[in-house]
**Q** 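One structure follows; several queries about it will come next.
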Amino acid sequence: MDFPEDGAATPSSAVLERIPLEHVPSTHTVLIGLFQDVTNAEFLQQQLLSRNAEYEYAFIDASSVISRFQVLAAVYKAITIQLSGSMKTPNIHSEIVCSLSPNNNISEAYRRFGITPTSKHLIIVKVLISSSPAAPSTLTPAAVEQHIRANVKGTPFPFTDETLQSSLTDWPKVRKYYKLNNVGWLDGVKDEAAKRKEMEMLVLGGMALRSL
């Protein structure tokens, strides 16, 4: 699997970031926001479970994420799957959540990486898809921004590695989900920044191997 390069982000609003990904067609627009201290996760999850189209987002529990690039790799993979017509879940946003998983168990991916009633910190991804560059999506980034502002009860923060790794990432959870507890040499890396980078590469490798 080829991972995308994280292009220079184009700010689309105060709470959402428009992120261009290499090798992704111009028909697809990627918007991502990070929210801390969300108080209505149960409501948001219920909208997903009831298939409310207005809430068709990838709601990702930030505690299961180690880096910005991890999320972008999942987004890129999901777009590739959608373009190939081989989605195994209802839509591109559920594919994004499943693409974070190192295995093909869909229900487990939802439970481990998606929103739960007790989620406190969320990464929210919206992919707008148009039929052609000349026919933009009827749903605009501004409309998505307005909907997020009105319905997500949390505090927006920059979607950066620093924000994630400073207080949001649950490191023991990540090690468990990606089976890193038995990687003995990892504990021998004393430099914390170097250890986190090594963990990120192992996580990305696990995601890539999922489809093989």
**Q** Could you tell me whether the side chain of Thr169 and the main chain of Ser63 form a donor-acceptor pair under 3.5 Å?
**A**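 Not at all, since once roles are kept as given, no pair shorter than 3.5 Å links the two residues.
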**Q** So that I can tick it off, tell me whether Lys126 and Glu145 are bridged by a salt bridge, with the cut-off set at under 4.0 angstrom between side-chain N and carboxylate O.
**A**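 No, this pair does not count.
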**Q** Measure the spacing between CD of Gln47 and CD of Glu56 and express it to the nearest 0.5 Å.
**A**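 Here the rounded value is 13.5 Å.
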**Q** State, without any angle test, whether Glu95 and Thr89 hold a side-chain donor-acceptor pair at a distance under 3.5 Å.
**A**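 Indeed, the side chains of Glu95 and Thr89 share at least one donor-acceptor pair under 3.5 Å.
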**Q** Flag yes if more than 12 heavy atoms outside Lys197 fall under 6.0 Å of its NZ atom; otherwise flag no.
**A**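 No.
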**Q** Under a 4.5 Å side-chain heavy-atom rule over Ile, Leu, Val, Met, Phe, Trp and Tyr, are Ile106 and Leu49 clustered together?
**A**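 In one cluster: no.
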**Q** Taking Leu204's backbone N and O only, do any of them form a donor-acceptor pair with Gln70's side chain (distance below 3.5 Å, no angle check)?
**A**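 Between the backbone of Leu204 and the side chain of Gln70 there is no qualifying donor-acceptor contact (under 3.5 Å).
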**Q** What's the separation between atom CG in Asp61 and atom NE2 in His121, rounded to the nearest 0.5 Å?
**A**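 If I round to the nearest 0.5 Å, the distance is 8.5 Å.
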**Q** Starting from the C-alpha separation in whole Å, work towards a yes-or-no answer on side-chain contact (heavy atoms from CB on, under 4.5 Å) for Ile123 and Val65.
**A** CA-CA 9 Å; Ile123 298 165; Val65 172; 3.9 Å; yes
**Q** For Val30, is there any backbone N or O sitting under 3.5 Å from a side-chain donor or acceptor partner on Arg18?
**A**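 No.
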**Q** Would you call Asp187 and Arg175 a salt bridge, using N to O less than 4.0 angstrom?
**A**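 Arg175 and Asp187: salt-bridged.
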**Q** Would a line drawn from the ring center of Phe113 to the ring center of Tyr178 be shorter than 6.0 Å?
**A**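 Close enough - the centres of the two rings lie under 6.0 Å apart.
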**Q** Would you indicate whether Asp191, at its atom CG, is surrounded by more than 12 heavy atoms from other residues, nucleotides or ligands within a distance under 6.0 Å?
**A**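 Counting neighbours around CG of Asp191, more than 12 heavy atoms of other residues, nucleotides or ligands fall under 6.0 Å, so yes.
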**Q** Measure across Leu122 and Phe59 and return the closest heavy-atom pair with its distance rounded to 0.1 Å.
**A**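 Result for this residue pair: CD1-CD2, 4.3 Å.
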**Q** Looking at Tyr55 versus Phe43, is the centre-to-centre ring distance below 6.0 Å?
**A**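 For Tyr55 and Phe43, the ring centres are under 6.0 Å apart.
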**Q** Rounded at 0.5 Å granularity, tell me how far CG in Leu21 sits from OH in Tyr76.
**A**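 Reported to 0.5 Å precision, the distance equals 9.0 Å.
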**Q** Output, in order, the C-alpha distance, side-chain angles, deciding distance and verdict of side-chain hydrogen bond (donor to acceptor under 3.5 Å, both in side chains) for Thr163 and Asp161.
**A** CA-CA 5 Å; Thr163 303; Asp161 287 355; over 6 Å; no
**Q** Evaluate side-chain contact (heavy atoms from CB on, under 4.5 Å) for Arg111 paired with Thr116, printing each intermediate quantity in order.
**A** CA-CA 7 Å; Arg111 186 172 64 254; Thr116 70; 5.6 Å; no
**Q** Inspect the surroundings of CD in Glu192 and state if more than 12 heavy atoms from other residues, nucleotides or ligands are less than 6.0 Å away.
**A**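 Above 12, so yes.
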**Q** Would you say NZ of Lys176 has more than 12 non-hydrogen atoms from neighbouring residues, nucleotides or ligands within 6.0 angstrom?
**A**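 Incorrect, the count does not exceed 12.
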